[in-house]
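Worth saying up front: this structure is predicted, and the values here are computed from it rather than measured.
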Amino acid sequence: MPFFDKHFTVSEANECLPRVRELFAQIHALVTISKQTQFLQSLPAPPLPTAQTNGKHNKPKDLRPHLQALITEITDQGIVIQDISRGLIDFPAFIEGEEVFLCYELADGDTVRFYHPLQTGFGGRKPIPDSAYF
């Protein structure tokens, strides 16, 4: 019995990549902004309000809900996120009758080219055999 409900063909995984890459660009931008905000919050309190600020200080916006929505858009498709910073994701699939992960990270470019058994992880990556493309 398969471990995952949704499985991808290599073609289906490749069709997802443009949007996934776009989502990771947004995720990485939000993470960068969040880190900058945390740094700024760690600095001493700002000077007293002046006439230029109308007595208002801009509170940093909580980016977590937006970040979570981006992550959820990926995972709701049945894609497994392994490492957000690397854009490392797995697509459940079957190759030669075995349930595996089609393994992709942003550095791989525009196509999914590797897979690994569910239990081995990134270190067990192998090139997708030609038979999986049909």
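Applying the side-chain contact (heavy atoms from CB on, under 4.5 Å) test to T9 and every residue at least two apart in sequence or in another chain returns S11, E12. Here Q119 pairs with nothing under the side-chain hydrogen bond (donor to acceptor under 3.5 Å, both in side chains) rule; sequence neighbours left out. Considering only residues two or more places apart in sequence or on other chains, E22 meets the salt bridge (Lys or Arg N to Asp or Glu O under 4.0 Å) condition with R19.
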Check residues 78-85 and write down every donor-acceptor pair under 3.5 Å in which the side-chain atom is one partner and the other belongs to a residue at least two apart or another chain.
unit_1: Q82; atom_1: NE2; unit_2: D90; atom_2: OD2; d: 2.9
unit_1: D83; atom_1: OD1; unit_2: S85; atom_2: N; d: 2.9
unit_1: D83; atom_1: OD1; unit_2: S85; atom_2: OG; d: 2.7
unit_1: D83; atom_1: OD1; unit_2: R86; atom_2: N; d: 3.2

Less than 3.5 Å apart, which donor and acceptor atoms pair up between the side chains of residues 65-72 and the rest of the protein, not counting sequence neighbours?
unit_1: Q68; atom_1: NE2; unit_2: T72; atom_2: OG1; d: 3.2
unit_1: T72; atom_1: OG1; unit_2: Q68; atom_2: O; d: 2.8

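Of all non-hydrogen atoms in V112 and A13, the two that sit nearest each other are CG2-CB, 4.0 Å. Scanning both residues, G124 and P117, for their nearest heavy atoms gives O-CD, 4.3 Å.
Atom CG in L63 sits 5.5 Å away from atom CG in L30 (nearest 0.5 Å).
Other cluster members for F122: L88, joined by side-chain heavy-atom distances under 4.5 Å among Ile, Leu, Val, Met, Phe, Trp and Tyr. Membership of an apolar cluster is not assigned to F114, as no side-chain contact below 4.5 Å to another ILVMFWY residue is traced.
Using a 4.5 Å heavy-atom threshold, the side chains of T111 and V10 count as separate.
K126 NZ: 12 or fewer foreign heavy atoms inside a 6.0 Å radius. Annotation for D5: atom CG does not count as buried by contact number, only 12 or fewer foreign heavy atoms lying within 6.0 Å.
Each ring pair (Phe, Tyr, Trp, His ring centres under 6.0 Å) pair with one or both residues in residues 71-107, not counting sequence neighbours, appears once here: F4-F101, H7-F94, F8-F91, F101-H116. Residue pairs meeting the salt bridge (charged side-chain N to carboxylate O under 4.0 Å, His left out) criterion with at least one member in residues 106-118, sequence neighbours excluded, are R21-D110, D108-R125.
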Legend entry - L102 vs I95, side-chain contact (heavy atoms from CB on, under 4.5 Å): CA-CA, chis, key distance, verdict: CA-CA 9 Å; L102 300 176; I95 293 184; 3.9 Å; yes

